[in-house]
Amino acid sequence: MSEKSGTNPGAAGRAPAADRPTALRNVVLVGHSGSGKTTLVEALALASGAVNRAGRVEDGGCLSDYDEIEHRQQRSVQLSLVPVDWGGIKINLLDTPGYADFVGELRAGLRAADAALFVVSAADGVAGATRMVWDECAAVGMPRALVVTHLEAARSDFDEMTRRCAATLGGEDPDAVLPLYLPLYGTPGADGHAPVHGLIGLLSQRVFDYSSGERTERAPTDDELPLVAAARNRLIEGIIAESEDESLMDRYLGGEEIDIKTLVGDLETAVARGSFHPVLAAAPAADGARQGLGTVELLELITGGFPTPAEREAPAVTGTDGAPRQALRCDPEGPLAAEVVKTSSDPYVGRLSLVRVFSGTLRPDETVHVSGHGLQDRGHEDHDVDERIGALSAPFGKQQRPLSQAIAGDLACVAKLTRAETGDTLSGKDDPLLMEPWTMPDPLLPVAIEAHSKADEDKLSQGLARLVAEDPTMRLEHNQDTRQVVLWCLGEAHADVALERLRSRYGVQVDTVAHRVPLRETFGVPAAGRGRHVKQSGGHGQFAICEIQVDPLPGGSGIEFVDKVVGGAVPRQFIPSVEKGVRAQAARGLAVGHPLVDIRVTLLDGKAHSVDSSDAAFQMAGALALREAAAETRIDLLEPVAEVRVLVPDDFVGPVMSDLSGRRGRVVGTEQSGPGRTLIRAEVPEIEIGRYAVDLRSLSHGTGRFGRGYLRHEPMPPQLAARMREQAENGA
């Protein structure tokens, strides 16, 4: 932030450490896929001295990678931690995926960080999904800054991109999004595009030139100075508007020159409290150079302008009994309170848990209490156990570098926490705590799977359990109605990665099959049936006859059984047997094998034999009677209908409502939900929204969200029901 020339205070080959919370900065990088987040992290690691040469992770770079899938592909779908040191300040850089399918990793990064760095490509602009994350950060007051990358791209324009960022992200106050530096352009090439080789500091009016491969500082030339005048005045006015000194604006407008130290101090305060969002430019280092364009300036902003962990409010905590507890303070000497923000597996050291320490100090080999609340009801069990933690480490490429401790505000990897899952709280065993959970998106894309072979079937259960333990955005369902194992995911890419992890990490090969929704059957009109089960083949025979009447009931009534037998035609002890047979047949279905519901079965008459009648015989007779009644009438198929709530920008309301209508949906209402966004409520058959998580993303350009919940079963259209019967008869 001081716009001074940076030295190389990092030390390659060792993990940086912090001895106090004020020497820590936790920063999450946010941006759509291809914006340049990972390249920027590598450039910052190089500039800080965390690595000695530029290069990809495959070439000995710096990022965490626990999977056997190709390095960069895997890093694009998971949260990675890169600790670096700048001027004695430890910076934990959290690199998040840009794909919408892995928003769970992004939410984990937001939970672990104290400030956010939004990376925007000059070639692509601000994605709709980026705006949504920006609003989430704004809602909790998280400090934010922006970095424009890919300035080398043809037709890229830093000034235009800054204006678009201000218009898109600044909301009602576009002057809260302003550049701190302006790019310095060289001579245009044959394609007419001028390369960026330096930055002009708007406050200091100094030029930081990278054209020689090293960052040098000089005064601007007479031709360069006019470039900064208008932008500098606007920046100063924006900073003063956020200042706590109300007289500062009057002094500035009166012609007084405000000293740089005052402006920088007010700027740092405004950035830290989340009311001002500076824009910078950055590019990776050229071949042989150590510092890329803007990397020093960005490291100075992070260390000087972003808040320390002590300045951010920790999540609320309760006791394990739910009783509120005193708010946490970022104090290394306080009670231990840490949270697992990511769980992964390393092929060499086993299970690793990325932990953010909010209070106290975490040390290797100590016993902690693990508390969990089944994050977002995803099938993750509640935890309330003591567990001895293993070694502490900091990730560095594929290595884990040992740490002696992790103080309040820091992040570390903990080995061999066998019971802890993502979202669980680690606290002192004598004073267990439970942290308020963070919000996770609902997985709404069903993927039905089955084991590829008998050997895979034996390993499937354990592999799935370990898979969902690592990923709280995934839900595992064993559907009793359809007898399918279903992984609920956030999208197709999320599902692909999950299945690949099952194969490569846990040695389980699975096949995907068509997902089936739980249909129901019911009687369309009343019917009668007679069940006759009479067999005599030597020895003890079987004899049972019963007559029933079946009447349809309103939806949601289930199955009623009424006894109207008179004169003891069916002995009292066998009436429950008839009911048991009826209910067993109803559960198996009649038309296409789906459970039968919403009927009243009345037992009217029957016959019994003093020797050959039995419980089993009357169960069979009850089932036969129901099947005969079904053969004489119309059986309707009932499909589940979901209540769907879709939140989209106003521009997409028309296309979304039209799409819902095309899915046999009924829009029941719309309402405004914040500036420029509309909530659409509709009732849609579940069979029509199996892929809606994917389709809505495409329809709304990644800006739409939806939720769903079971509403009721209702009759399926005749033509669709006929098709389902035909498929059942053909064994499809």
Side-chain angles (χ1 to χ4, degrees), residues 1 3-6 29 31-32 34-48 54 117-126 145-166 177-232 234-235 277-302:
M1 189 76 87
E3 296 185 346
K4 64 186 179 182
S5 178
L29 281 80
H32 64 83
S35 60
K37 297 186 304 297
T38 299
T39 301
L40 178 60
V41 169
E42 291 176 336
L44 294 174
L46 179 63
S48 67
L117 198 59
F118 281 74
V119 183
V120 180
S121 169
D124 301 323
V126 183
L146 296 101
V147 180
V148 178
T149 60
H150 296 163
L151 290 174
E152 73 282 0
R155 297 183 300 277
S156 65
D157 188 328
F158 178 82
D159 293 337
E160 174 61 24
M161 183 53 58
T162 301
R163 284 192 290 268
R164 289 168 61 183
C165 288
V177 180
L178 293 171
L180 286 184
Y181 302 85
L182 291 182
L184 187 64
Y185 294 94
T187 303
D191 59 356
H193 181 69
V196 178
H197 63 78
L199 299 171
I200 305 177
L202 294 183
L203 292 183
S204 65
Q205 299 186 87
R206 300 289 292 174
V207 172
F208 304 97
D209 197 328
Y210 289 83
S211 59
S212 66
E214 293 293 331
R215 181 181 187 266
T216 59
E217 181 180 345
R218 61 175 173 82
T221 64
D222 291 340
D223 293 335
E224 294 168 343
L225 201 56
L227 299 176
V228 306
R232 184 175 191 269
R234 190 179 179 194
L235 173 63
H277 317 292
V279 184
L280 297 89
D287 291 342
R290 181 174 54 79
Q291 295 170 345
L293 177 78
T295 52
V296 172
E297 290 76 13
L298 186 52
L299 289 166
E300 293 288 349
L301 172 67
I302 291 172

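The shortest side-chain heavy-atom distance between Leu182 and Asp159 falls under the 4.5 Å cut-off. Within the 4.5 Å cutoff, the side chain of Arg218 has heavy atoms near those of the Asp209 side chain. In this structure, the side chains of Cys165 and Val126 come closer than 4.5 Å at one or more pairs of heavy atoms. Between Val228 and Pro220, the closest side-chain pair of non-hydrogen atoms is not below 4.5 Å. Residues Thr39 and Thr149 are not in side-chain contact: their nearest non-hydrogen atoms beyond the backbone lie 4.5 Å or more apart. Side chains of Leu178 and Leu202 form no contact here, defined as non-hydrogen atoms less than 4.5 Å apart. No side-chain heavy atom of Met161 sits under 4.5 Å from any side-chain heavy atom of His150. When side chains are defined from C-beta on, His197 does not count as touching Tyr210, because their heavy atoms never get closer than 4.5 Å.
A donor-acceptor pair under 3.5 Å is formed between the side chain of Arg232 and the backbone N or O of Leu203. Proximity of a side-chain donor or acceptor of Thr295 to a complementary backbone N or O of Gln291 within less than 3.5 Å is not detected.
Smallest separation of non-hydrogen atoms from Leu29 and Lys37: O-CD, 3.7 Å. Gly34 approaches Ser121 most closely through the heavy-atom pair O-CB, 4.5 Å. In this structure, Pro284 and Ala43 approach most closely via the heavy-atom pair CA-CB, 4.2 Å. Minimum heavy-atom separation, Pro179 to Thr162: CD-CG2, 3.6 Å. Across every non-hydrogen atom of Leu299 and Ala47, the tightest pair is CD1-CB, 4.1 Å. Leu151 and Pro183 get closest at one heavy-atom pair: CD1-CG, 4.4 Å.
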> Could you walk me through whether Phe158 and Tyr181 pass the side-chain contact (heavy atoms from CB on, under 4.5 Å) check?
Replying inline: CA-CA 10 Å; Phe158 178 82; Tyr181 302 85; over 6 Å; no
> Going through the checks in order, is the side-chain contact (heavy atoms from CB on, under 4.5 Å) test met by Glu224 and Leu184?
Replying inline: CA-CA 8 Å; Glu224 294 168 343; Leu184 187 64; 3.5 Å; yes
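Between the CG atom in Leu293 and the CG atom in Leu199 there is a gap of 4.5 Å [rounded to 0.5 Å].
Between the side chains of Asp223 and Thr221, no donor-acceptor pair is found at a separation under 3.5 Å.
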